[in-house]
*Asks:* 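Let me give you the structure first, and then I'll get to my questions.
The figures that follow rest on heavy atoms only: side chains count, while hydrogens, waters and symmetry mates do not. Everything numeric here is computed off the predicted structure, so don't read it as measured data. Chain identifiers are assigned alphabetically (A, B, ...) following the order of the sequence lines, protein sequences preceding nucleic acid strands; residue numbering begins at 1 within each chain.
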Amino acid sequence: MKATYNFAEIEKKWQKRWDGSNIYKVFEEIGKPKKYILEMFPYPSGELHMGHVRNYTIGDVIARFNKMSGYNVLHPIGYDAFGLPAENAAISQGVHPKKWTYQNIDTMRNQLKSLGISYDWEREIITCEPDYHKWGQWIFLKFLEKGLAYKKKSSVNWCPSCETVLANEQVKNGFCWRCDSFVEKRELEQWFFKITDYAKELLNDLEELEGWPERVKIMQANWIGRSEGALVDFTVKGLNEKITVYTTRPDTLFGATFFLLAPEHPLVNELVKGTPFAREVEEFKKKIARKSEIERTSEEMEKEGCFTGVYAINPVNNEEIPIWLANYVLMEYGTGAVMAVPAHDQRDFEFAQKYNLPIKVVIQPEGISLDVATTKEAYIGEGVMVNSEKFTGMKSSEGTKALIKDLEEKGKGKASVNYRLRDWLISRQRYWGNPIPVVYCDRCGIVPIPESDLPVLLPENVDFTKKGIFPLITLEEFVNTKCPECLSPARRETDTMDTFTCSSWYFLRYTSPHEENAPFNKETARYWMPVDQYIGGIEHAVMHLLYARFFTKVLSDLGLCQIREPFINLLTQGMVIKDGAKMSKSKGNVVDPNYIISKYGADTARLFILFAAPPEKELEWSDQGVEGCYRFLNRVWKLVHEMMPFLKDEIDVEMDKTDENLKHMIHRTIKRVTEDIEERFNFNTAISRIMEFVNALQKYNEERENKNSRVLKEAINTLIVILSPFAPHMCEELWEKIGNKESVYFESWPSFDERWAQAEEINLIVQVNGKVRDKIVVSADITKEEMENQALSSEKIKKYVEGKQVKNVIVVPGRLVNIVTA
RNA sequence: GCCGAAGUGGCGGAACUGGCAGACGCGCACGACUCAAAAUCGUGUGGGCUUUGCUCAUGUGGGUUCGAUUCCCACCUUCGGCACCA
């Protein structure tokens, strides 16, 4: 009975059986502890790549492990189906985005099934389905009702290649995150979500996310960018006008020698109107406006400015300082106005040098004396205040407090906290997305579509051939409608929502994917949420993970769910690379999962991808490494088959030393594999433990002729069960072959006996002055005194100690003895 | 520039809380089987040396310690994030 490991047949057999019997289906079982294991759902771009395989395999092992450990496990999957690639495919290949998307979904679903991932397929979500995106629109209307969705004209990021606006989070280094084109600035009226209302909470709650990697939390914290400072009111000389600045350094107020406004600042025109400076200012504004974000930041940050002819009055000393426009002052941050302190801010320093503006030192660092004449850069640190009237002599920190108090008393300023986070721009001038459910009525203005009329469906008969015009805007039958309020003719909104809105609440929908009366059922969400383990790529550290947290908080405030944070634990998996570079078609280093599955089987693919590196790190693909895993599975297959006859026989021979060693190995392996999976997600070491176990079994097979069937049975059962989350198909087959009727998926994860998990004997390390000089095998329950005696009586050790005075003997119980000589 | 992560054999990677550096796997070498090859199995495998042993070795240089891949300080390199945020 030398059956060969026919993975293709085995995998097909079990995938069919799992599918047919719905073995991964779950429902809420009140009173049973739950685990919600979730991998970031894929964008259906065509076929799965190795990054997907890694993501879903990691999630599957965690899900299977938790299920076997007694939890009620929710493990769903879906597709983030709206998005630009579908539309680009439509343009380049002439296929409708819907058709393209659904074809890809079918392909990817088949691939996921061919990997044997334990999904509850009845919960599958496709975000472009009307019964899903309807609720996305519904949520939008709730945001609108709450004032969290609004429309505003502002300078926005425009990708000329994608022909749409982008959120700040989607601009990487001035380039489009998707197509790498230069991003331009355009003045457009766009829809925003007011994520800034939640800036404080989004930042503060990061602290509670103990199960998140520190670096992700730091990235989010940096993105939110909290800073503490003060708002200070300056007045404009000769005009009854107040301009407020935001500063993080009130202690430098006396050092302000000029005043800066963003070129787009709304007050600029008023200031220069009818003055000789008006023309120059106008030209400067135009010049800056023409420049894209990338140009504004790429020219080695050359400071540029323009004098307005007007002066501001400093509230702390009534000094008159000139008001300039400067290219480096941003309208979107703070108040768009800045007090310039060239002595203590590097940018202001450079600006002052270029335009010959005065520099005044007001902070002296301890031990050094700053001199304006010789200094080559601003001193930006803290110190002692000088030239600051009654505040002179104070330290920066106390001066800051005192100045804020002083300003508050005079009614000229107050303490203030600022965030870098901007509101989330969600409108996209694209077809393949979720339509924004509002109409524009000449009489009523912006009118939401009534809930009973949702969803606003995407019309399917659209023309993608006209480059430069996005399809919906020209479609009369879609655009022309009636105002729901006054029934007069109105125009429909043609923008669609950023696809990140679809992925910001899908994890809630999985808890009741077929709910018809709400985005999700409150009770099932209460049972399953929050997600206990979320797994996905680090590239979503800011965008998706921040948006999803924001949505959860809003939905919670709307009373739809109870939780404030969606994901308790986050695992960010590393990239799959080959030859030192990310797999990509252009580099030609792509390894196709289909090829690996057909050549070695899904179990080998899964095993290798987990074995080659710990999940958080980059994974270097190695064809030879895959072969190694394939060999291992073959060894297991052969070994179990060789052992089968002994399992049936009830020869109850007495346990001898070999049997005992094997029993120790069984329990040691269970212990280590359990800890590796549970505590650290170190699947690579978990697998290496199983390999060691198999090596030990193989040795046992050779050494022990009269096999102890009881111990052997325990060993084989353990092996199959603990290997099953990694290589489920082969383990199911072996499990059945050794006589089990039920799926190994329903088996309990084995527990270990601590006494057996401990070795009987240990290797006692004996050091002399920290160098290993002998190793002695001793009983594990040896006392400290015995350890010392054994060590000192060793012949090898005597050689080193002879003639020297033993100064100290350090004994680490169960480990080593270190003899320190004089 | 600021923030963060990481540097260990020929390669991927192990080493719990400071206690045998290199588990497990790949590769390589030799051997067995074979007419032969593949597959499989076995043995060996960080460097150096005067090889029952000694010695050097975890990016570099210091430090703490009986003992450091692990802790501290400085530096180098690589990767990632942010980048005129007042």
*Asks:* Between V812(A) and M691(A), which residue's closest nucleotide on RNA chain B lies nearer the 5′ terminus?
*Replies:*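 Final value for this comparison: V812(A).
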
*Asks:* Could you check if a side-chain atom of R773(A) sits within less than 4.5 angstrom of a side-chain atom of V766(A), using non-hydrogen atoms only?
*Replies:*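 R773(A) does not reach V766(A) side chain to side chain.
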
*Asks:* Kindly label the base of G10(B) as syn or anti, based on whether its glycosidic torsion lies within 90° of 0.
*Replies:*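 Anti.
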
*Asks:* Choosing from C85(B), A23(B), G25(B), which nucleotide comes nearest the side chain of S688(A)?
*Replies:*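 Among the listed nucleotides, the one closest to the side chain of S688(A) is A23(B).
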
*Asks:* Between G27(B), C85(B), G19(B), which nucleotide has the shortest distance from any of its atoms to the side chain of Q624(A)?
*Replies:*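 Between G27(B), C85(B), G19(B), the one nearest the side chain of Q624(A) would be G27(B).
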
*Asks:* If I take atom CD1 in residue I538(A) and atom P in nucleotide G81(B), what distance separates them, rounded to the nearest angstrom?
*Replies:*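 In whole Å, G81(B) P and I538(A) CD1 are 9 Å from each other.
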
*Asks:* Rounded to whole Å, how long is the line connecting atom CH2 of W324(A) with atom C1' of A86(B)?
*Replies:*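 It works out to 18 Å between those atoms.
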
*Asks:* Check every strand shown and say whether S622(A) touches a base, only sugar-phosphate, or nothing at a heavy-atom separation below 4.0 Å.
*Replies:*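 Since no nucleic acid heavy atom lies under 4.0 Å of S622(A), the category is nothing.
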
*Asks:* Return the value, rounded to whole Å, for the distance between atom CZ of R631(A) and atom P of A38(B).
*Replies:*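 About 13 Å, once rounded to whole Å.
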
*Asks:* Considering the options Q346(A), Q353(A), K354(A), which one meets the side chain to side chain donor-acceptor pair (under 3.5 Å) requirement together with E350(A)?
*Replies:*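 Single pass found, and it is Q346(A).
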
*Asks:* Using the C1' atom as the point on both nucleotides, what is the distance between C11(B) and U45(B), in whole Å?
*Replies:*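 Between the two C1' atoms, the distance is 14 Å.
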
*Asks:* Roughly how many Å apart are U40(B) and C33(B), using the C1' atom of each and rounding to a whole number?
*Replies:*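 Nearest-Å result for C33(B) against U40(B) at atom C1': 9 Å.
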
*Asks:* Distance between the C1' atoms of G13(B) and G67(B), in whole angstroms?
*Replies:*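 Rounded to whole Å, the distance is 26 Å.
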
*Asks:* To the nearest Å, give me how far apart CG (L330(A)) and P (A86(B)) are.
*Replies:*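 It works out to 10 Å between those atoms.
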
*Asks:* Atom CG of N327(A) to atom C1' of C85(B): distance rounded to whole Å?
*Replies:*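 Spelled out: CG on N327(A) to C1' on C85(B) is 15 Å.
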
*Asks:* Look at the side-chain N and O atoms of R773(A) and state whether any lies under 4.0 Å from the OP1 or OP2 oxygen of U55(B).
*Replies:*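 Yes.
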
*Asks:* Counting just side-chain N and O atoms, does N684(A) come under 4.0 Å of either OP1 or OP2 of A14(B)?
*Replies:*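 So the side-chain polar atoms of N684(A) do come within 4.0 Å of the phosphate oxygens OP1 or OP2 of A14(B), strictly under.
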
*Asks:* Determine the contact category for Q767(A): base if any of its heavy atoms lies under 4.0 Å from a base atom, sugar-phosphate if only primed atoms, P, OP1 or OP2 are that close, otherwise nothing.
*Replies:*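 Base, at least one base heavy atom under 4.0 Å.
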
*Asks:* Tell me whether E319(A) is salt-bridged to K360(A), with the criterion being a basic N under 4.0 Å from an acidic carboxylate O.
*Replies:*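 Result for this pair is yes, salt bridge flagged.
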
*Asks:* Select one nucleotide: of G25(B), A23(B), C20(B), the one nearest the side-chain heavy atoms of F611(A).
*Replies:*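 Nearest to the side chain of F611(A) among the choices is G25(B).
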
*Asks:* Given that R215(A) and L619(A) both sit by RNA chain B, which one's nearest nucleotide is further toward the 5' end?
*Replies:*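 It is R215(A) whose nearest nucleotide is closer to the 5' end.
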
*Asks:* For A83(B), take OP1 and OP2 only and decide whether either is under 4.0 Å from a side-chain N or O of N222(A).
*Replies:*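 No, N222(A) has no side-chain N/O under 4.0 Å of OP1/OP2 on A83(B).
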
*Asks:* Counting the atoms with a prime plus P, OP1 and OP2 as sugar-phosphate, which does G334(A) contact under 4.0 Å by heavy atoms, base, sugar-phosphate, or nothing?
*Replies:*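 Result for G334(A) = nothing.
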
*Asks:* I'd like the C1' distance from U8(B) over to C56(B), given in whole Å.
*Replies:*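 Roughly 15 Å separates the two C1' atoms.
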
*Asks:* Could you check which nucleotide pairs with G25(B) in any of the strands shown, counting Watson-Crick or G-U wobble with both distances under 3.5 Å?
*Replies:*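 With both distances under 3.5 Å, G25(B) matches C11(B).
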
*Asks:* Of the nucleotides A86(B), G13(B), G4(B), which has the atom closest to the T247(A) side chain?
*Replies:*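 Selected nucleotide: A86(B).
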
*Asks:* Which nucleotide, A86(B), C82(B), G12(B), lies nearest any side-chain atom of W223(A)?
*Replies:*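 Nucleotide nearest to W223(A)'s side chain: C82(B).
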
*Asks:* Does A39(B) have a Watson-Crick or wobble partner in any strand here, with both distances under 3.5 angstrom, and which is it?
*Replies:*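 Paired with A39(B), as far as the under-3.5 Å criterion goes, is no nucleotide at all.
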
*Asks:* Using the C1' atoms only, state how far G62(B) lies from C76(B), rounded to an integer number of Å.
*Replies:*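 Comparing C1' positions in C76(B) and G62(B) gives a spacing of 15 Å.
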
*Asks:* What's the CZ-P distance between R680(A) and C16(B), to the nearest Å?
*Replies:*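 For the pair R680(A) CZ and C16(B) P, the rounded distance is 8 Å.
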
*Asks:* Could you work out the separation of G59(B) and U69(B) based on their P atoms and round it to a whole Å?
*Replies:*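 My reading of the P atoms in G59(B) and U69(B) gives 10 Å.
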
*Asks:* Would you indicate what R422(A) reaches in the nucleic acid, counting non-hydrogen atoms under 4.0 angstrom: base, sugar-phosphate, or nothing?
*Replies:*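 Base contact - R422(A) has a heavy atom under 4.0 Å of at least one base atom.
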
*Asks:* With a 4.5 Å heavy-atom cut-off, do F284(A) and V268(A) have their side chains touching?
*Replies:*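 No; the side chains remain at least 4.5 Å from each other.
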
*Asks:* Under 4.0 angstrom, heavy atoms only, what part of the nucleic acid is I765(A) near: base, sugar-phosphate, or nothing?
*Replies:*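 Base, at least one base heavy atom under 4.0 Å.
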
*Asks:* Grab the CZ-C1' distance between R347(A) and A83(B) for me, whole Å please.
*Replies:*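 Spelled out: CZ on R347(A) to C1' on A83(B) is 11 Å.
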
*Asks:* Nearest of G12(B), C24(B), A21(B) to any side-chain atom of V772(A)?
*Replies:*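 The answer is A21(B).
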
*Asks:* Can you tell me which nucleotide in G19(B), U40(B), G13(B) comes closest to the side chain of K638(A)?
*Replies:*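 Of G19(B), U40(B), G13(B), U40(B) is nearest to the side chain of K638(A).
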
*Asks:* Does U70(B) pair with anything, Watson-Crick or G-U wobble, both distances under 3.5 Å, and if so, with which nucleotide?
*Replies:*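 Base partner found: none.
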
*Asks:* Quick one: which of G19(B), C84(B), G4(B) gets closest to the side chain of Y328(A)?
*Replies:*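 My answer, after comparing the listed nucleotides, is C84(B).
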
*Asks:* Do the side chains of E754(A) and K671(A) get close enough for a salt bridge, i.e. N-O under 4.0 angstrom?
*Replies:*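 Yes.
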
*Asks:* Can you check whether any acceptor in the base of C66(B) is under 3.5 Å from a donor in the side chain of K807(A), or vice versa?
*Replies:*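 For K807(A), whose side chain was compared with the base of C66(B), there is no donor-acceptor pair (under 3.5 Å).
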
*Asks:* Taking A37(B) as the reference, what is the distance to A21(B) when you measure between their C1' atoms (whole Å, please)?
*Replies:*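 Roughly 40 Å separates the two C1' atoms.
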
*Asks:* On a whole-Å scale, what distance lies between the P atoms belonging to G9(B) and G4(B)?
*Replies:*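 Pairwise P distance, G9(B) against G4(B), rounds to 27 Å.
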
*Asks:* Determine the contact category for N634(A): base if any of its heavy atoms lies under 4.0 Å from a base atom, sugar-phosphate if only primed atoms, P, OP1 or OP2 are that close, otherwise nothing.
*Replies:*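 Contact class for N634(A): none.
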
*Asks:* Between G81(B), C82(B), G13(B), which nucleotide gets closest to the side-chain atoms of A613(A)?
*Replies:*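 Side chain of A613(A) sits closest to G13(B).
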
*Asks:* Compare side-chain N and O positions of Y246(A) against OP1 and OP2 of C85(B) and report whether any pair is under 4.0 Å apart.
*Replies:*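 False: Y246(A) side-chain N/O out of range (4.0 Å or more) of C85(B) OP1/OP2.
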
*Asks:* In terms of relative ring orientation, are F351(A) and W324(A) parallel, tilted or perpendicular, with 30° and 60° separating the classes?
*Replies:*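 Taking W324(A) first and then F351(A), their aromatic rings stand perpendicular (interplane angle over 60°).
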
*Asks:* Among Y630(A), W621(A), F683(A), find the residue that satisfies the ring pair (Phe, Tyr, Trp, His ring centres under 6.0 Å) test when tested with F608(A).
*Replies:*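 Only match with F608(A) under ring pair (Phe, Tyr, Trp, His ring centres under 6.0 Å): W621(A).
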
*Asks:* D623(A) CG to G12(B) P: how many Å, rounded?
*Replies:*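 My rounded result for the distance is 15 Å.
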
*Asks:* Please evaluate the base of C16(B) for a donor-acceptor partner in the side chain of R815(A) within a cut-off of under 3.5 Å?
*Replies:*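 Side chain to base: pair found, below 3.5 Å.
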
*Asks:* Counting only Watson-Crick or G-U wobble pairs whose two distances fall under 3.5 Å, which nucleotide matches G4(B)?
*Replies:*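 C79(B) - that is the nucleotide pairing with G4(B), both distances being under 3.5 Å.
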
*Asks:* Are any non-hydrogen side-chain atoms of R672(A) and T685(A) less than 4.5 angstrom apart?
*Replies:*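 No - every pair of side-chain heavy atoms lies 4.5 Å or more apart.
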
*Asks:* Are any of the side-chain nitrogens in K798(A) or E795(A) under 4.0 Å away from the carboxylate oxygens of its partner?
*Replies:*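 Judged by the 4.0 Å cut-off on N to carboxylate O distance, K798(A) and E795(A) do form a salt bridge.
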
